[in-house]
Amino acid sequence: MKAPRVTLEQWRTLQAVVDHGGFAQAAEALHRSQSSISYTVARMQEQLGVPLLRIDGRKAALTEAGTLLLRRSRQLVKQASQLEELAHHMEQGWEAEVRLVVDAAYPTQRVVSALSTFMPQSRGCRVLLREEVLSGVEEALNEGEADLAISGLILPNQLGTDLANVEFIAVAHPDHPLHRLQRELSYQDLETQLQIVTRDSGRRQPRDVGWLGSEQRWTVGSLATATTFVSSGLGFAWLPQHMVGRELAEGTLKRLPLSNGARREIRFFLYPNKDRQMGPATRILSELLLRHAQSPEPAVSP
């Protein structure tokens, strides 16, 4: 790839000539001599091999090629300025990226709300968002792959901050045999039915969480897949209430009338990486995740 023949400073000079209405005005704005401005533009045209300006009376007007190239050059100069600004922020300790690992059961909308507020404050900092299930979050944190982590587990040797409770509810398709019993259900009723559970994404010490008393149990890779299975009539499951609102409203899922345990609440915590000092961008995002954790969830049909 050939090095560019025209410099950013030359593009800035051409922009000044156009924006300020002429060579003399550009020279005044840039604190340079008019002759140096004229030479810079003439040199640009020579290097590019196309005319950028034409003399129209006493004014210089853009040619068709000049109009196109100037428009593209504005993007180039803006990106270069943003790059320099990012380097300045990094010099001051501002992170180039923040790695956020979130348990898939945590309400996505709360994360989106926090990130939407973070974006105009990010100063070019990228966010690498990753979803895991159960101990997968803990592994990412312990292996140094997360700056911030949201988990529903109490992690050993980690200091977490309370975020919010997430409610899981027992559900099945309205035509499921459990609903056809038309009575309050016991654990004995569940034991003979297919239960759908979500696999722990951790590799080292995956955990089994929740009631696993069914003789038949199918394991799927995500909560979204579990929701699809159960709403299609395959088995029953405990699923996060915020994820099944549409299915409950549309009638493809119905709460199981259990005598005990029809709903359970899991407390979620925000964990920082204890082995890495929290930078300013990470700290801002952490505060926003805590603030937006209190956002009300959409109402869910019974």
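Here the structure is a predicted model, which means the values were calculated and not measured. The basis for the numbers below is simple: all heavy atoms, side chains too, and nothing from hydrogens, waters or symmetry mates.
Summarising the geometry of Ala114 relative to Leu289, their closest heavy-atom pair is CB-CD2, 3.7 Å, with the distance given to 0.1 Å. For the pair Asp200 and Gly136, the tightest heavy-atom approach, listed with the atom from each and the gap, is OD1-N, 3.6 Å. Taking all atoms of both residues into account, the shortest heavy-atom contact from Lys254 to His179 is O-NE2, 3.2 Å. Among all heavy-atom pairs drawn from Gly235 and Ala172, the shortest one is O-CB, 4.1 Å. Nearest heavy-atom pair, Leu239 versus Ala226, reported as atom, atom and distance to 0.1 Å: CD2-CB, 3.9 Å. The two residues Met44 and Val6 come nearest to each other via the heavy atoms CE-CG1, 3.9 Å.
At distances below 3.5 Å, not a single donor-acceptor pair connects side-chain atoms of Asp19 with backbone N or O atoms of Ala16. When atom types are taken as modelled, the side chain of Ser286 and the backbone of Thr282 share no donor-acceptor pair closer than 3.5 angstrom. Counting only distance, with no hydrogens or angles, the side chain of Thr63 and the backbone of Pro51 share a donor-acceptor pair below 3.5 Å. Between the Asn273 side chain and the Ala146 main chain, a donor and an acceptor come within less than 3.5 Å of each other. Proximity of a side-chain donor or acceptor of Ser135 to a complementary backbone N or O of Glu138 within less than 3.5 Å is not detected. Here the side chain of Thr228 pairs a donor or acceptor atom with the backbone of Ala224 at under 3.5 angstrom. A donor-acceptor pair under 3.5 Å is absent between the side-chain atoms of Ser232 and the main chain of Leu234, judged by distance alone. Judged by distance alone, with hydrogens and angles left aside, the side-chain atoms of Arg54 form a donor-acceptor pair with the main-chain N or O of Leu62 at under 3.5 Å.
There is no side-chain donor-acceptor pair under 3.5 Å between Thr192 and Glu215.
Atom CD in Glu167 sits 6.5 Å away from atom CD1 in Ile169 (nearest 0.5 Å). Rounding to the nearest 0.5 Å gives a distance of 9.5 Å between CG of Leu285 and CE of Met278. Interatomic distance, Leu178 CG to Gln193 CD, rounded to the nearest 0.5 Å: 4.5 Å. Separation of atoms CG (Leu163) and CG (Leu290) is listed at 5.5 Å; rounding is to 0.5 Å. Rounded to the nearest 0.5 angstrom, Ile284 CD1 and Phe118 CZ are separated by 6.5 Å. Put simply, CG on Leu253 and CD on Glu250 are 9.5 Å apart, with the number rounded to the nearest 0.5 Å.
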Could you check Thr225 against Ser222 for side-chain hydrogen bond (donor to acceptor under 3.5 Å, both in side chains), going step by step and ending with a plain yes or no? CA-CA 5 Å; Thr225 300; Ser222 70; 2.9 Å; yes

Show, in sequence, the C-alpha distance, side-chain angles and deciding distance for Thr13 and Arg32, and conclude whether the side-chain hydrogen bond (donor to acceptor under 3.5 Å, both in side chains) test is met. CA-CA 10 Å; Thr13 301; Arg32 291 167 55 186; 3.0 Å; yes

Run the numbers on Glu28 and Gln34 for side-chain hydrogen bond (donor to acceptor under 3.5 Å, both in side chains), then give the verdict. CA-CA 8 Å; Glu28 183 178 352; Gln34 183 173 340; over 6 Å; no

In sequence, state the C-alpha distance, the side-chain angles, and the governing distance for Glu143 and Arg203, and then conclude on salt bridge (charged side-chain N to carboxylate O under 4.0 Å, His left out). CA-CA 12 Å; Glu143 293 173 6; Arg203 301 179 305 277; 3.6 Å; yes

Check the pair His292 / Thr117 against side-chain hydrogen bond (donor to acceptor under 3.5 Å, both in side chains), numbers first and verdict last. CA-CA 9 Å; His292 288 274; Thr117 307; 3.1 Å; yes

Check against side chain to side chain contact (heavy atoms under 4.5 Å, CB included), Arg99 and Leu148: CA-CA 7 Å; Arg99 300 165 299 170; Leu148 293 171; over 6 Å; no

Please lay out, stage by stage, how Glu265 and Arg263 fare under the test salt bridge (charged side-chain N to carboxylate O under 4.0 Å, His left out). CA-CA 7 Å; Glu265 285 192 346; Arg263 57 181 293 275; 3.0 Å; yes

Side chain to side chain contact (heavy atoms under 4.5 Å, CB included) assessment of Leu30 paired with Ile37: CA-CA 9 Å; Leu30 297 177; Ile37 299 293; 3.9 Å; yes

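Counting heavy atoms from C-beta on, the side chains of Asn165 and Phe268 never come closer than 4.5 Å. Within the 4.5 Å cutoff, side-chain heavy atoms of Gln241 are placed close to those of Arg255. Here the side chains of Arg126 and Val98 are not in contact, with every heavy-atom distance at 4.5 Å or above. A heavy-atom distance below 4.5 Å is found between the side chains of Ser151 and Tyr271. When side chains are defined from C-beta on, Thr161 does not count as touching Phe269, because their heavy atoms never get closer than 4.5 Å. At a threshold of 4.5 Å between non-hydrogen side-chain atoms, the residues Val50 and Gln45 do not count as touching. Side-chain atoms of Arg217 and Val197, non-hydrogen and from C-beta on, do get closer than 4.5 Å to each other. Looking at Leu258 and Glu184, their side chains never come closer than 4.5 Å, going by heavy atoms from C-beta outward.
For Tyr39, the OH atom sits in a loose shell: 12 or fewer heavy atoms of surrounding residues, nucleotides or ligands are nearer than 6.0 Å.
Hydrophobic clustering places Leu129 together with Val166 (ILVMFWY residues linked when any side-chain heavy atoms are closer than 4.5 Å, directly or through intermediates).
A salt bridge does not link Asp175 with Arg180: none of the charged nitrogens is closer than 4.0 Å to a carboxylate oxygen.
Ring geometry, Phe236 versus Trp238: the interplanar angle exceeds 60°, so the pair is classed perpendicular (tilted spans 30 to 60°).
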